[in-house]
Amino acid sequence: MTRRVLEVRGLAKTFTLHTIDGRTVVSLRGVDLDVAAGEHVALAGPSGAGKSSLLRCVHRTYLPDAGTVTLHREDGPVDLTALPDRALARLRARELGYVSQFLAAPPRTGPLELVAAAARRRGLDRDAATDAAAAALRRLALDEALWDVDCGVLSGGERQRVNLAAATVRPPRLLLLDEPVSALDPANRERALELIASLSGAGVAVLAVFHDADAMRALATRVVRLADGRITEEGTPAQVLGAAA
């Protein structure tokens with residue numbers, strides 16, 4: 001039996017638009033979703049459907065209004081929605097990878113230092129973490145001349161590759177991807193997609209948002225379509241997206 005890694009039940013999230021007129025916008029309406037080890041679940045749907053909100057509630061960047069997000073670990077399940085902040089930070093560092101479209105890096109931090117720090121948080125010693133970081137950056141073809149340059153001066157595509165390297169340097173239990181290849185040129189996009197595919201094949205549970213249907217067809221084992229904060233359809237990429245043109 002395939003081991004379940006992520007279990008989402010009854011997830012609901014609303015936002016209040018204080019800067020406009022105080023109206024409430026509903027983003028998620030009771031979402032239930034499971035992701036198993038080695039499974040790649042891609043979230044599809046129009047802008048505003050709730051895809052990124054779902055990812056951020058799983059990561060607990062957003063705290064949901066209702067429902068539970070459970071990570072199944074070797075030592076038992078953990079409800080991420082109820083975890084104290086410090087415990088959540090420790091768990092994120094070791095077992096969750098999150099790649100957004102943007103890189104958040106401390107000032108005057110270079111790519112090698114940033115990725116090596118992520119590897120150390122996942123249990124590697126300093127030397128092994130540096131070696132792993134170098135291998136991750138090479139795999140994503142980041143020029144070695146940039147490894148000690150402040151991440152703030154990198155291009156959008158370079159930052160995106162650093163972000164992906166940091167999230168995957170010592171593969172986490174669960175990888176969350178929010179448009180991780182949106183700024184990449186075709187060659188680097190293929191490198192990134194190959195890396196993501198290899199992680200799923202190695203048993204990492206992946207939950208991803210791609211606006212690119214071709215990427216979903218290439219990577220996903222299951223596509224979940226959202227509309228108006230609800231799951232409306234799920235199945236194989238061919239069932240949900242149709243055949244490639």
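Bear in mind that the values here come from a model prediction, so they are computed numbers and not experimental data.
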When you compare the side chain of [Y] with that of [X], does any pair of heavy atoms fall below 4.5 Å?
{"X": "Ile231", "Y": "Asp32", "value": "no"}
{"X": "Arg94", "Y": "Arg173", "value": "no"}
{"X": "Glu95", "Y": "Leu71", "value": "yes"}

Exercise: identify the closest heavy-atom pair between [X] and [Y]:
{"X": "His40", "Y": "Ile196", "result": "CE1-CG2, 3.8 Å"}
{"X": "Ala192", "Y": "Leu184", "result": "CB-CD1, 3.8 Å"}
{"X": "Thr232", "Y": "Ala227", "result": "CG2-CB, 3.8 Å"}
{"X": "Ala129", "Y": "Arg120", "result": "CB-CG, 3.4 Å"}
{"X": "Ser200", "Y": "Val206", "result": "CB-CG2, 4.3 Å"}
{"X": "Gly97", "Y": "Arg122", "result": "CA-NH2, 3.8 Å"}

Against Thr168, only a single residue in Leu175, Asn163, Leu177 fulfils side chain to side chain contact (heavy atoms under 4.5 Å, CB included); can you say which?
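Only match with Thr168 under side chain to side chain contact (heavy atoms under 4.5 Å, CB included): Leu175.
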
Applying ring pair (Phe, Tyr, Trp, His ring centres under 6.0 Å), which residue pairs with at least one partner in residues 62-91 are found, sequence neighbours left out?
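Listed once each, the pairs are Phe15-Tyr62.
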
Under-4.0 Å salt bridge between [X] and [Y]:
{"X": "Asp178", "Y": "Lys51", "result": "no"}
{"X": "Glu7", "Y": "Arg4", "result": "yes"}
{"X": "Glu39", "Y": "Arg222", "result": "yes"}

Report yes or no: do Leu43 and Val5 belong to one cluster of Ile/Leu/Val/Met/Phe/Trp/Tyr joined by side chain heavy-atom distances under 4.5 Å?
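Yes, Leu43 and Val5 fall within the same hydrophobic cluster.
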
Straight-line distance of Ser100 OG to Gln160 CD, nearest 0.5 Å
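If I round to the nearest 0.5 Å, the distance is 8.5 Å.
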
If you measure from CG on Leu80 to CG on Leu91, what distance do you get to the nearest 0.5 Å?
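Leu80 atom CG to Leu91 atom CG measures 6.0 Å (nearest 0.5 Å).
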
Should Cys57 and Leu28 be marked as a side chain to side chain contact (heavy atoms under 4.5 Å, CB included) after you check the CA-CA gap, both sets of side-chain angles, and the distance that decides it?
CA-CA 10 Å; Cys57 284; Leu28 297 172; 4.1 Å; yes

Do any pairs count as a salt bridge (Lys or Arg N to Asp or Glu O under 4.0 Å) and have a residue in residues 59-70, sequence neighbours left out, and if so which ones?
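Found Arg60-Asp85.
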
Any donor and acceptor pair, going by atom type alone, linking the side chain of Asp79 with main-chain N or O of Thr68 inside 3.5 Å?
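Checking the backbone N and O of Thr68 against the side chain of Asp79, no donor-acceptor pair under 3.5 Å is found.
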
Stepwise salt bridge (Lys or Arg N to Asp or Glu O under 4.0 Å) check, Asp212 with Arg189:
CA-CA 11 Å; Asp212 181 347; Arg189 177 182 178 278; 2.3 Å; yes

Contacts table for residues 135-146: side-chain donor-acceptor under 3.5 angstrom, sequence neighbours left out:
residue, atom, partner, partner atom, Å
Arg138, NE, Glu144, OE2, 3.2
Arg139, NH2, Ser198, OG, 3.3
Asp143, OD1, Ala145, N, 2.9

Tell me which donor-acceptor pairs under 3.5 Å the side chains of residues 105-117 have, and how far apart each pair is, sequence neighbours excluded?
residue, atom, partner, partner atom, Å
Thr109, OG1, Pro106, O, 3.1
Thr109, OG1, Pro107, O, 3.4

Passes side chain to side chain contact (heavy atoms under 4.5 Å, CB included), Val8 versus Asp34? Steps please.
CA-CA 6 Å; Val8 175; Asp34 290 342; over 6 Å; no

Can you sort out the partners of His59 under ring-ring contact (aromatic ring centres under 6.0 Å, His included), two or more places apart, ordered by chain and number?
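Testing His59 for ring-ring contact (aromatic ring centres under 6.0 Å, His included), a comparison that skips the adjacent residues, returns Tyr98.
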
When clusters are formed from ILVMFWY side-chain contacts under 4.5 Å, directly or step by step, what else is grouped with Val26?
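Grouped by the 4.5 Å side-chain rule, Val26 forms a cluster of one, so the answer is none.
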
